[in-house]
Amino acid sequence: MKTNFNLSKWVRTNVLNLKAYSSARDEFSDPRAEMTFLDANENPFDNGINRYPDPQQKVLKAALASLKGVDPQQILLGNGSDEVLDLIFRVFCEPNQDEVITLPPTYGMYSVLANTNAVANIEVPLTENFQPNVSAILKKVTPKTKALFLCSPNNPSGNSFDADVLQALISQFPGIVVVDEAYIDFSSQQSLLTNLNDFPNLIVTQTFSKAYGMAGIRLGACYASIDIIALLNRIKPPYNINVLTQQRALEGLANQRHIQAQVETLLQERNRIQKALESVSIVEKIFPSDANFILAKVDDAALRYQQLIEKEIVTRNRSNQLLCNQCLRFTVGTPEENDHLIEALNILSC
Ligand SMILES: *Cc1c(COP(=O)(O)O)cnc(C)c1O
């Protein structure tokens with residue numbers, strides 16, 4: 001639980017004061033088919049996509065709200081979580097003045113977005129076993145610190161942060177805490193969505209790009225208090241989720257069993273790759289994964305990366321990331337793709 005959180009204190013003054021753009025579909029959105037819509041300068045001839053999309057994505061949010069057990073007004077959708085994360089920076093962080101805290105090694109977009117928004121990125125490294133260092137993080141808080149970005153399960157290490165560490169940070173960090181749950185569907189840990197109403201400073205982000213198998217439609221979501229979502233809505237581009245994306249996402253959500261079956265296959269495959277890596281001599285250390293990828297330390301990451309490319313397998317060399325010296329990151333593929341990877345690693349080890 002967190003009490004005494006005064007949201008407006010954390011918001012940029014221009015965002016508190018601005019009036020959101022009101023689009024044609026915001027002003028009149030009665031979906032009755034018999035209405036004659038002459039308000040948005042669209043081409044009137046129906047081809048399925050001649051009309052602007054619903055700016056509030058009501059049908060899609062209703063489906064997501066019932067699936068996730070939240071109020072539709074606690075959801076904001078973006079063009080990928082990358083847009084959602086950008087909107088969070090822009091609501092809370094004053095350029096050339098404010099700071100955020102991130103915990104390397106982690107998802108590269110947090111520092112990219114800090115840079116593009118002219119916000120200082122204060123880095124507090126994860127511990128050796130890739131957990132947040134709570135006291136070191138809290139020591140870095142200054143009056144300029146607006147937000148803390150946590151990624152759990154973390155990319156590129158693959159582990160989840162301990163539940164009590166997450167709870168401690170959300171309750172003790174004074175500002176906004178963003179928990180990026182891009183990989184939560186692969187995790188043995190519970191989503192923080194169940195705690196959303198206990199923490200008025202919590203924003204949970206998720207994505208359709210990983211477990212849901214829809215990276216191509218660019219759809220990300222964040223969940224937070226109704227007040228935080230209302231602020232994000234003020235600055236989001238009016239028609240940021242296109243008609244085709246909304247349709248495909250709804251179809252995907254209607255097919256939960258299919259997604260669950262794929263997740264189960266990927267988890268079995270993750271275990272299979274893990275076991276295979278254990279018996280490969282070029283692999284020196286395998287980090288436990290709660291996601292759909294495995295980080296492993298090899299004898300020579302640059303060499304092994306190139307050799308795998310020659311075998312037509314593309315992995316990610318994470319060697320230049322903090323605590324990831326000589327590490328490659330392997331995404332879990334289809335069973336056939338994983339056979340290919342395991343075979344290639346065995347050949348390289350001979
Ligand atoms: C892949 C990934 C995302 C997804 O970003 P989208 O813009 O939704 O595709 C978000 N966060 C992390 C940590 C990721 O690894």
Side-chain angles (χ1 to χ4, degrees), residues 57 60-61 64 68 75-90 100-114 116-117 121 123 126 130-132 147-161 166 177-187 189 191-193 202-224 232 236-237 240-242 244-246 248-249 252-253 259 262-263 266 270 287 289-295 314-318 321-324 327-333:
Q57 309 101 20
L60 181 50
K61 280 184 188 167
L64 262 182
K68 303 286 180 180
I75 308 175
L76 176 108
L77 299 176
N79 185 347
S81 357
D82 291 347
E83 184 183 47
V84 173
L85 294 165
D86 187 47
L87 292 171
I88 294 170
F89 270 93
R90 287 162 55 204
V100 297
I101 296 179
T102 65
L103 315 181
T106 193
Y107 187 44
M109 277 309 285
Y110 313 139
S111 82
V112 169
L113 290 170
T116 56
N117 287 293
N121 177 24
E123 299 191 320
L126 293 173
F130 296 120
Q131 290 292 324
L148 167 65
F149 288 82
L150 305 171
C151 185
S152 181
N154 185 46
N155 180 5
S157 55
N159 63 301
S160 292
F161 295 161
L166 286 170
V177 178
V178 180
V179 181
D180 185 338
E181 292 190 338
Y183 299 99
I184 194 68
D185 300 286
F186 302 104
S187 172
Q189 296 244 7
S191 165
L192 278 168
L193 282 184
L202 173 62
I203 303 180
V204 175
T205 68
Q206 295 184 355
T207 179
F208 282 67
S209 298
K210 307 287 158 66
Y212 279 84
M214 291 187 253
I217 68 172
R218 305 308 299 130
L219 185 63
C222 80
Y223 305 87
L232 293 164
K236 87 168 179 70
N240 63 332
I241 312 296
N242 70 67
L244 300 175
T245 293
Q246 294 190 41
R248 289 298 292 268
L253 286 179
I259 293 162
Q262 288 189 342
V263 166
L266 292 171
R270 182 180 78 196
F287 295 93
S289 172
D290 224 10
N292 66 334
F293 57 85
I294 296 177
L295 187 74
V314 188
T315 62
R316 198 89 197 267
N317 184 353
R318 297 282 75 188
Q321 305 283 301
L322 204 70
L323 304 172
C324 298
C327 285
L328 296 180
R329 193 190 67 193
F330 305 99
T331 305
V332 179

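Just so it is clear, the values below take in all heavy atoms, side chains as well, and ignore hydrogens, waters and symmetry mates. Counting starts at 1 for both ligands and their atoms, in listed order.
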If you count the atoms of ligand 1 from 1 in the order shown, which ones are under 4.0 Å from a heavy atom of [X]?
X: Ala182; answer: 2 (C), 3 (C), 10 (C), 11 (N), 12 (C), 14 (C)
X: Asn155; answer: 15 (O)
X: Ser209; answer: 6 (P), 8 (O), 9 (O)
X: Cys151; answer: 13 (C)

Pro153 versus Gly158, closest heavy-atom pair with distance: CB-O, 3.8 Å
Pair Ser111, Asn121: side-chain N/O donor-acceptor within cut-off below 3.5 Å: no
Pair Asn154-Ser152, side-chain donor/acceptor within less than 3.5 Å: no
Geometric class of the Phe149/Phe89 ring pair [parallel <30°, tilted 30-60°, perpendicular >60°]: parallel
Geometric class of the Tyr110/Tyr107 ring pair [parallel <30°, tilted 30-60°, perpendicular >60°]: perpendicular
Residue from Thr245, Asn240, Leu76 passing side-chain contact (heavy atoms from CB on, under 4.5 Å) with Gln57: Asn240
Which residue and heavy atom of the protein sit nearest atom 7 (O) of ligand 1, plus the separation: Arg218 NH2, 2.6 Å
Nearest-contact summary for atom 5 (O) of ligand 1 - protein heavy atom, Å: Ser81 OG, 3.3 Å
For ligand 1, the portion of Tyr183 having any non-hydrogen atom under 4.0 Å away: side chain
Candidate with minimal heavy-atom separation from atom 10 (C) of ligand 1, of Thr207, Asp180, Asp86: Asp180
Option set Met214, Lys210, Gln206, criterion heavy-atom distance to atom 2 (C) of ligand 1, minimum: Lys210
Note, Phe186 side chain near Lys210 side chain (heavy atom, < 4.5 Å): yes
